[in-house]
Amino acid sequence: MAVQISPSILSADFARLAEEAARVEGVADWLHVDVMDNHFVPNLTIGLPVVEALLRATPIPIDCHLMIQDPDRWAPAYAEAGAGSVTVHAEAAKAPVRTLRAIRAAGARSGFALNPATAIEVYEDLLPEIDMLLLMTVEPGFGGQKFLDVVLPKVTRARALIEKHGGEIWLQVDGGVSAETIERCAAAGADVFVAGNAVYAAEDPARAVQDLRALAELA
Ligand code: DX5
Ligand code: ZN
């Protein structure tokens with residue numbers, strides 16, 4: 001499984017998103033966009049119009065993480081707009097099978113996210129519908145939070161379930177991923193790494209992406 005790095009623009013300057021994207025162009029595999037609605041999480045960020053503008057402004061594939069209350073209603077539109085990956089939360093989706101299929105039908109990779117306290121085992125039968133499983137390593141809502149080690153055993157168990165089922169399912173971790181924590185995540189079986197602060201609070205974001213990748217590949 002190849003290591004992929006997905007810098008989160010939540011930690012970037014929202015007034016200069018095109019420039020911020022350009023700073024990681026050529027080194028980042030994805031640009032992670034955190035959509036928050038102040039209902040599913042206690043924070044409000046950006047939505048579809050900004051994602052559409054970003055898609056025009058950068059060649060980097062967009063990885064949309066929907067932290068919203070009604071993802072069944074909204075997710076397909078992000079895929080139709082051209083996002084390469086669209087992730088909905090298990091805790092919010094009312095019809096996850098239908099929604100994951102709609103994301104795929106619209107041409108994007110289907111992502112399914114679990115909060116730190118949500119177990120993976122009950123979703124085992126859903127794996128064939130999922131192209132990327134996202135395990136939150138902080139409580140969702142804000143960048144710059146402390147990594148939750150308590151999630152690592154779930155990363156290990158999720159990797160084992162993915163191997164058992166076969167097929168190509170990426171395992172993404174999101175929250176508090178940094179030079180200090182990325183090796184632990186990779187060793188547990190994660191292969192796609194979201195990093196907000198670790199990239200955009202760095203003096204040289206491109207260098208930060210390269211350093212994170214090197215650490216993950218070593219683990
Ligand atoms: C948090 C978001 C993350 C956030 C990560 O709810 O889903 O994508 O941007 O930021 P860091 O890497 O700073 O924890
Ligand atoms: Zn995210």
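In each ligand, atom 1 is the first atom listed, and ligand 1 is the first ligand listed. We're numbering straight along the sequence, starting at 1.
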Q: Within the 4.0 Å heavy-atom shell around Met67, which atoms of ligand 1 are there?
A: 6 (O), 7 (O)
Q: Enumerate the atoms of ligand 1 whose separation from the nearest heavy atom of His65 is less than 4.0 angstrom.
A: 7 (O)
Q: What atoms of ligand 1 come within less than 4.0 Å of a heavy atom belonging to His32?
A: 8 (O)
Q: Considering the heavy atoms of Asp174, write down every atom of ligand 1 situated less than 4.0 Å from one of them.
A: 2 (C), 3 (C), 4 (C), 5 (C), 7 (O), 8 (O)
Q: Can you tell which part of Pro140 has a heavy atom less than 4.0 Å from ligand 1: side chain, backbone, both or neither?
A: both
Q: Check this for me: does any side-chain nitrogen of one of Glu163 and Arg159 sit under 4.0 Å from a carboxylate oxygen of the other?
A: yes
Q: Which option wins on minimum heavy-atom distance to atom 13 (O) of ligand 1: Ala198, Gly175, Gly144?
A: Gly144
Q: Between Val194 and ligand 1, does any nitrogen or oxygen pair lie at a separation below 3.5 Å?
A: no
Q: If you have a sec, work out which protein heavy atom is nearest atom 12 (O) of ligand 1 and how many Å separate them, to one decimal?
A: Gly196 N, 2.8 Å
Q: Can you report which non-hydrogen protein atom sits closest to atom 14 (O) of ligand 1, along with the distance?
A: Gly176 N, 2.8 Å
Q: Counting both backbone and side chain atoms, is some N or O of Met36 under 3.5 Å from an N or O of ligand 1?
A: no
Q: Considering only protein heavy atoms, which is closest to atom 2 (C) of ligand 1, and at what distance to one decimal place?
A: Asp34 OD1, 3.4 Å
Q: List ligand 1 atoms under 4.0 Å from Ala195, heavy atoms only on the residue side.
A: 12 (O)
Q: Considering the heavy atoms of Gly143, write down every atom of ligand 1 situated less than 4.0 Å from one of them.
A: 10 (O), 13 (O)
